[in-house]
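Below is one structure, written out as structure tokens; comments come after it.
Letters A, B, ... mirror the listed sequences (proteins, then strands); counts begin at 1.
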Protein chains: 2
Amino acid sequence: MTADEADGRSPRERMVFSAAQLMRRGGVGATGMRDVVAHARAPRGSLQHYFPGGKEQLVNEAVGWAGRYAAGRVARFVAGMAEPTPSGLFAAMVGQWTDELEAVGAASGCPVAAAVVDCADASESTRTAAAAAFAAWTGPVARALTDMNVPAARAEALATLMISTVEGALLMARAEGDVRALATVARELGPLLDGAVGAVGAVDGG
Amino acid sequence: MTADEADGRSPRERMVFSAAQLMRRGGVGATGMRDVVAHARAPRGSLQHYFPGGKEQLVNEAVGWAGRYAAGRVARFVAGMAEPTPSGLFAAMVGQWTDELEAVGAASGCPVAAAVVDCADASESTRTAAAAAFAAWTGPVARALTDMNVPAARAEALATLMISTVEGALLMARAEGDVRALATVARELGPLLDGAVGAVGAVDGG
DNA sequence: CGCCGTCTATGACAGCCGTCATAGTAGCGG
DNA sequence: CCGCTACTATGACGGCTGTCATAGACGGCG
């Protein structure tokens with residue numbers, strides 16, 4: 001999610017990328033269209049050309065991009081792990097945000113979360129886009145879990161738990177200006193996740 | 001957090017309450033000062049009288065109120081449970097939002113989360129207020145856990161995990177317009193929490 | 001050349017925002 | 001009655017917002 005990801009792409013893609021980038025910081029409300037074109041170094045006139053649906057369309061596409069991005073990250077995590085475990089995957093997910101928070105100084109949140117907080121009940125389409133983004137994110141996680149011998153019935157539920165926990169911990173970490181919450185949930189939730197490998201019941205594993 | 005909590009209180013308190021109420025729906029950016037006084041049925045002129053610090057002060061106080069409110073809820077949960085268990089407390093915390101989402105139709109989020117998303121990097125004081133709110137919320141939860149024989153060393157960490165998970169699941173639930181995520185995390189995380197009772201290590205607790 | 005679709009440029013618009021200045025009322029002690 | 005404090009009322013201000021209207025540039029193509 002660094003700046004070099006914006007190079008070489010079309011102006012249109014850069015605008016979507018920049019929108020997501022800015023939404024992460026100040027929320028949707030504080031992200032103006034003029035800010036987006038400036039950040040993307042794109043011509044202002046292109047806004048109404050590429051996004052005739054206005055800000056709502058731009059936000060929705062930014063949310064969709066974020067969902068695909070998160071899904072891709074999960075895929076790369078799994079591919080890069082020699083001995084994949086649920087706790088390892090979770091630690092990697094947490095680690096991504098830990099790195100960003102320590103690098104930029106807590107300025108970065110999740111654009112999907114921003115869209116939910118700011119638009120969930122004002123824009124039905126954005127709410128749907130956010131749900132789709134979460135689904136796009138949950139899918140690869142659940143698939144990775146089943147590949148690690150987690151029963152299919154629990155994989156999806158655990159994926160939801162992992163993403164919920166990461167989102168919430170990211171919120172707390174931003175508030176505290178410290179990665180403590182992220183580190184804590186990684187440490188506490190990891191063992192539970194590993195306990196689900198090969199188990200059929202809840203935690204009392206067969 | 002229903003409307004009757006606003007009755008009998010001073011106009012000033014009603015404004016703080018209304019600010020929190022409105023922030024939960026549309027975020028801080030979409031919450032105008034004029035909307036707040038209208039919702040609180042308070043005189044507009046009182047704004048600059050009670051909140052000379054402007055919107056920032058009002059938001060900060062709303063966040064503080066939300067933190068104290070959440071802490072009070074936890075205390076009441078614990079007091080009302082015949083046989084208190086960590087999973088029972090967590091289920092109660094989740095249940096509060098489940099009820100609200102099903103009642104109002106997913107319109108309600110957490111005002112503290114809204115403040116973090118919208119103001120975390122724009123207003124240092126709001127960021128601090130949000131951190132304080134989370135701390136005020138974490139405290140009673142951790143204390144309740146120690147009262148349930150959870151080792152003191154883990155109680156605080158588990159409280160952070162619980163709150164993170166609830167916040168994140170609430171985010172997902174709002175996006176999906178469904179309480180599924182909340183129900184899922186309650187079901188999946190509950191057993192782990194109970195497993196920490198009397199344990200000293202991680203999950204293998206004897 | 002002329003035409004056309006894609007893209008860009010720019011200024012204007014109405015509307016809302018938070019804030020401030022100013023004035024006014026109500027109650028109360030003297 | 002005055003004076004003082006607490007609170008309310010109201011209109012205005014500059015600034016920013018998303019959106020739109022209009023016009024211009026560029027490049028392929030017949």
Side-chain angles (χ1 to χ4, degrees), chain A residues 6 8-23 25-63 111 114-115 117-126 129, chain B residues 6 8-23 25-63 111 114-115 117-126 129:
Chain A
R9 298 178 201 280
S10 74
R12 212 206 115 109
E13 285 174 296
R14 288 206 314 270
M15 285 192 254
V16 173
F17 172 83
S18 290
Q21 196 84 351
L22 294 179
M23 283 164 52
R25 306 189 200 285
V28 177
T31 301
M33 313 251 87
R34 292 164 174 86
D35 302 341
V36 172
V37 296
H39 183 276
R41 268 185 292 275
R44 181 159 90 85
S46 298
L47 261 179
Q48 65 181 305
H49 181 69
Y50 288 121
F51 307 96
K55 186 176 189 176
E56 187 171 346
Q57 179 186 356
L58 179 58
V59 169
N60 293 358
E61 296 203 21
V63 167
V117 165
D118 285 344
C119 316
D121 74 318
S123 161
E124 179 76 9
S125 74
T126 303
Chain B
R9 298 178 200 280
S10 74
R12 212 206 113 110
E13 284 174 296
R14 288 206 313 269
M15 285 192 254
V16 173
F17 172 84
S18 289
Q21 197 85 352
L22 293 179
M23 283 163 52
R25 306 189 200 287
V28 177
T31 301
M33 312 252 87
R34 292 164 174 86
D35 301 341
V36 172
V37 295
H39 182 275
R41 268 186 291 277
R44 180 158 91 84
S46 299
L47 261 179
Q48 68 181 304
H49 182 70
Y50 289 121
F51 307 96
K55 186 176 190 176
E56 187 171 347
Q57 180 186 355
L58 179 57
V59 169
N60 292 359
E61 295 204 20
V63 167
V117 165
D118 285 344
C119 316
D121 74 318
S123 160
E124 179 76 9
S125 73
T126 303

>> Show the nearest heavy-atom pair for residues B:R44 and B:V37, with the distance to one decimal.
In response: CA-CG1, 4.0 Å
> Do A:S46 and A:R12 have side-chain heavy atoms sitting under 4.5 Å apart?
Replying inline: no
From [atom1] ([X]) to [atom2] ([Y]), nearest 0.5 Å:
X	Y	atom1	atom2	result
B:F51	B:M33	CZ	CE	8.5 Å
A:L47	A:M15	CG	CE	5.5 Å
B:Q21	B:T31	CD	OG1	10.5 Å
A:Q57	A:Y50	CD	OH	12.5 Å
B:E13	B:E61	CD	CD	10.5 Å

>> Counting only side-chain heavy atoms from C-beta out, which of D:dT19, C:dG18, C:dC17 sits nearest to B:D35?
In response: C:dC17
> Between B:D118 (side chain) and B:V28 (backbone), is there a donor-acceptor pair under 3.5 Å?
Replying inline: yes
> For B:M33 and C:dG18, what is the distance between atoms CE and C1' respectively, to the nearest whole Å?
Replying inline: 8 Å
> Given atom CG of A:L47 and atom C1' of D:dT17, what is their separation to the nearest angstrom?
Replying inline: 13 Å
Short heteroatom pairs, N/O only, protein and nucleotides 23-26 of chain C, under 3.5 Å:
none

>> Working note: B:V63 + B:M23, criterion side chain to side chain contact (heavy atoms under 4.5 Å, CB included); need CA distance, chi angles, decisive distance, verdict.
In response: CA-CA 9 Å; B:V63 167; B:M23 283 163 52; 4.1 Å; yes
> So A:V36 and A:K55, side chain to side chain contact (heavy atoms under 4.5 Å, CB included) or not? Walk me through it.
Replying inline: CA-CA 10 Å; A:V36 172; A:K55 186 176 189 176; over 6 Å; no
> How would nucleotides 8-15 of chain C be written as a contact map, 5' to 3', with B for base contact, S for sugar-phosphate-only contact and - for no contact, using protein heavy atoms under 4.0 Å?
Replying inline: BBBBB---
>> Under 4.0 Å, heavy atom to any atom of DNA chain D: which of residues 51-59 of chain A qualify?
In response: A:G54, A:K55
